[in-house]
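Right, one structure below, let's go through it.
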Amino acid sequence: MIDLKYLQNNFDEAAGKLKKKGVDSAVLENLQALFSALKEANAQLEAAKAEQNAMSKLFGQYMRESKDISELKLKVDANKESMVPLQEKARAAEEALYAVALGIPNFPDDSVPEGADEEENVELRKVLEPKTFAFKPKEHWELAEINGWIDFERGVKLAKSRFSVLKAEGARLERALINFFLDTNRAEGFEEFCVPFLNNSMMLQGTGQLPKFEEDLFKVEEEDLYLIPTAEVPLTNMYHDEILSAKDLPLLMTGYTPCFRKEAGSAGRDTRGMIRQHQFDKVEMVAIAHPDHSDEIFEMMVRNASDILTVLGLPHRVVELCGGDLGFSAAKTIDLEVWLPGQNKYREISSISNTRDFQARRAKIRFKDEKQNRLVHTLNGSALAVGRTLIAIMENYQNEDGSITIPAALQRYM
RNA sequence: AGAGAGGUGGCCGAGUGGUCGAAGGCGCACGACUGGAACUCGUGUAUGGGGCAACUCAUCGAGGGUUCGAAUCCCUUCCUCUCUGCCA
């Protein structure tokens, strides 16, 4: 959630920032008004409560001193009565405020380029040249068929469309990649975690998936539980509503989880193959950082994810997202796009974001700095999306006969 | 899943209707003592919100209720422990 005090005190500046994300300033004016209304309502209610508390205290004193309480009782009853509408007003004001506030995206950093959509993202650099093939490179689903690595039909039978089954070498390569990623992240200082794949609504709200993006999530019937869309949710919320010690920062976490997404807005996109599935494996990095150091940790995370691709010999480019393409919670995001020769284009394989204090405010993750409690910065990034790495390896390491060479870095994991 | 017990501050643990945001202990911080340390003694030590100083509101697992007043009584719910059942 954005800092409402900041919005109130620096309205024009705040509105200017959110314009980059396409948020209309009228929405913010409304939010500001709701915030003022809540403060006003709370002030009134609190004054009445203070009076009530004072009279109740006096009441106890009268009782002890055996004084007559009948007159006081009348006063205190009247005050109590008068509090009812104030209570309702404050409750309604709070509800109205949060209904809007939780749907406002994070401020982008000032350095984030202007732009409406992914067309205006900025390529920062390319790493490794795509190699030229002496034959027409095949798409991964053709290679999957030739090698018997992926069974799309039975995935659909078992669940529904956008599910698939990995088998034989394909399944083993998936597992090898997970281990390789976890080991690499661990060597970079990330602690490894195995976390629940179902999280409750409070956690999903903490990282920003709820309440706005409920339609993207798989929910368990009759339970307050959702299948996680990314390990960012459990890893970041590990410290939900906790106050950390400054000396514990940064907390660097990594974990493998499957991720579940409804892909509600993606009907018709990437329907063929394994690019866009309802369930996919991912190894995630999450950092809980001191605000003064989140930038350097962000750079480290980008470098780490890029290095993994380089070690695997996968050509990729590093792209900074423009304001319009930035996710809801992110202040700054860098995507890594891997080269897919079969598709003849770069496709997203990692997304690394600094959410600054946006998630920390929602999830109440703070640290003690001297005497003061301050919000941490939270960062997350894939290192890497496993299924898409598998696809990238298939397409980049394919031979003319359709066979696939396992990259040297992975051979000891197979 | 059924039966019983219980959830109080960083930790342990008192508190069954008012002076309790909460005794006592441990831990921690500062000070005294010491050549230095331990011991001892003294002082302090939850979080969030509003004013941002005085002050004030909220919080004793969570949510609701009774009451002038709730850690304390009632209801719902979550969690933990023990026994039984089941399962990996």
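Letters go in sequence order (proteins before strands), and every chain restarts at 1. Small disclaimer: the values here were computed from a predicted structure and weren't measured.
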>> Tell me whether A:K282 forms a cation-pi arrangement with A:Y256, defined as NZ or CZ under 6.0 Å from the six-membered ring centre and within 45 degrees of its axis.
In response: no

> Taking the P atom of each, how far is B:G10 from B:C83, in whole Å?
Replying inline: 31 Å

>> What's the gap between B:A70 and B:U19 when it is taken at their P atoms, as a whole Å value?
In response: 10 Å

>> Pair A:N380, A:S353 - check side chain to side chain donor-acceptor pair (under 3.5 Å), show working.
In response: CA-CA 5 Å; A:N380 63 80; A:S353 298; 4.6 Å; no

> Residues from residues 219-227 of chain A sitting under 4.0 Å of RNA chain B, heavy atoms only?
Replying inline: none

> Which part of the nucleic acid, if any, lies within contact of A:A43, taking any heavy atom under 4.0 Å across all strands shown: a base, the sugar-phosphate backbone alone, or nothing?
Replying inline: nothing

> Applying a 3.5 Å limit to both distances, which nucleotide forms a Watson-Crick or G-U wobble pair with B:G17?
Replying inline: none

> Rounded to whole angstroms, how far apart are CG on A:N9 and P on B:C52?
Replying inline: 12 Å

> Taking the side chain of A:K5 as its heavy atoms from C-beta onward, which of B:C68, B:G48, B:C52 lies nearest to it?
Replying inline: B:C52

> Considering only the P atoms, how many Å lie between B:G7 and B:A62, rounded to the nearest integer?
Replying inline: 13 Å

>> Distance check needed: B:A46 C1' versus A:D241 CG, whole Å only.
In response: 13 Å

>> For A:K19, is the NZ atom crowded, meaning more than 12 foreign heavy atoms sit under 6.0 Å from it?
In response: no

> So, A:T333 and A:S351: side-chain donor and acceptor under 3.5 Å apart, yes or no?
Replying inline: no

>> Distance check, P atoms only: B:G13 and B:C57, in whole angstrom units.
In response: 32 Å

>> Nearest whole Å is fine: how far is B:U19 P from A:E65 CD?
In response: 14 Å

> Any side-chain heavy-atom pair from A:H290 and A:V376 closer than 4.5 angstrom?
Replying inline: no

> In the strands shown, is B:U82 matched to any nucleotide by a Watson-Crick or G-U wobble pair with both distances under 3.5 Å, and which?
Replying inline: B:A3

>> With rounding to the closest Å, how many angstrom separate the P atoms on B:G44 and B:G50?
In response: 28 Å

> Is it true that the side chains of A:N106 and A:S329 contain a donor and an acceptor less than 3.5 Å apart?
Replying inline: no

> Taking OP1 and OP2 of B:G10, is either one under 4.0 Å from a side-chain nitrogen or oxygen of A:K368?
Replying inline: no

>> A:E214: which residues meet the side chain to side chain contact (heavy atoms under 4.5 Å, CB included) condition with it, sequence neighbours left out?
In response: A:L210, A:K219, A:Y226

>> At less than 4.0 Å, is any side-chain N or O atom of A:K39 found next to OP1 or OP2 of B:G51? Yes or no.
In response: yes

> For A:R374 and A:E51, take the nucleotide of RNA chain B holding the closest heavy atom to each; which residue's nucleotide lies nearer the 5' end?
Replying inline: A:R374

> Do you know which two heavy atoms are closest between A:A409 and A:V311, and how far apart they sit?
Replying inline: CB-CG1, 3.6 Å

>> Can you tell me which nucleotide in B:G51, B:G18, B:U47 comes closest to the side chain of A:M63?
In response: B:G18

> If you take all heavy atoms of A:F298 and A:N354, which pair is closest and at what distance?
Replying inline: CE1-N, 3.7 Å

> When you check the side-chain N and O atoms of A:N185 and A:N304, is any donor under 3.5 Å from an acceptor?
Replying inline: yes

Using the 3.5 Å cut-off, write out each protein N or O paired with an N or O of nucleotides 58-63 of chain B and the distance between them.
unit_1, atom_1, unit_2, atom_2, d
B:A58, OP2, A:N53, ND2, 3.3

>> Below 30° counts as parallel, above 60° as perpendicular, anything between as tilted: where do the rings of A:F218 and A:F163 land?
In response: tilted

> Which pairs with one or both residues in residues 174-196 of chain A pass salt bridge (charged side-chain N to carboxylate O under 4.0 Å, His left out), sequence neighbours excluded?
Replying inline: A:D183-A:R186, A:R186-A:E192, A:E188-A:R303

> According to the Watson-Crick and G-U wobble definitions, with both distances under 3.5 Å, which nucleotide is paired to B:A46?
Replying inline: B:U59

> Pairs in or reaching into residues 373-387 of chain A: which pass salt bridge (charged side-chain N to carboxylate O under 4.0 Å, His left out), with residues at least two apart or in two chains?
Replying inline: A:D369-A:R374

> For B:C26, what is the paired nucleotide under Watson-Crick or G-U wobble rules, both distances under 3.5 Å?
Replying inline: B:G10

>> Expressed as a whole number of angstroms, how long is the span from A:L45:CG to B:U56:P?
In response: 16 Å

> Of the non-hydrogen atoms in A:H316 and A:V338, which two are nearest, and what is the gap between them?
Replying inline: CB-CA, 3.9 Å

> Expressed as a whole number of Å, how far does the P atom of B:U67 sit from that of B:U16?
Replying inline: 23 Å

>> Need the pair for B:C41. Rule: Watson-Crick or G-U wobble, both distances under 3.5 Å, any strand; none if unpaired.
In response: B:G31

> Partner of B:A71 by Watson-Crick or G-U wobble geometry, both contacts under 3.5 Å, or none?
Replying inline: none

>> Below 4.0 angstrom, which residues in residues 77-88 of chain A have at least one non-hydrogen atom near RNA chain B?
In response: A:D77, A:K80

> What's the closest nucleotide to the A:N373 side chain, out of B:G48, B:G50, B:C57?
Replying inline: B:G48

> Reckon A:Q61 touches a base, only the sugar-phosphate, or nothing at all at heavy-atom distances under 4.0 Å?
Replying inline: nothing

>> Using atom C1' in both nucleotides, what's the gap between B:G9 and B:A14 to the nearest angstrom?
In response: 13 Å

> Of the nucleotides B:U47, B:C68, B:C57, which has the atom closest to the A:E46 side chain?
Replying inline: B:C57

>> Taking the nucleotide of RNA chain B with the nearest heavy atom to each, does A:G60 or A:I243 sit closer to the 5' end?
In response: A:G60

> Using atom P of each nucleotide, how far apart are B:C12 and B:C87 to the nearest Å?
Replying inline: 35 Å

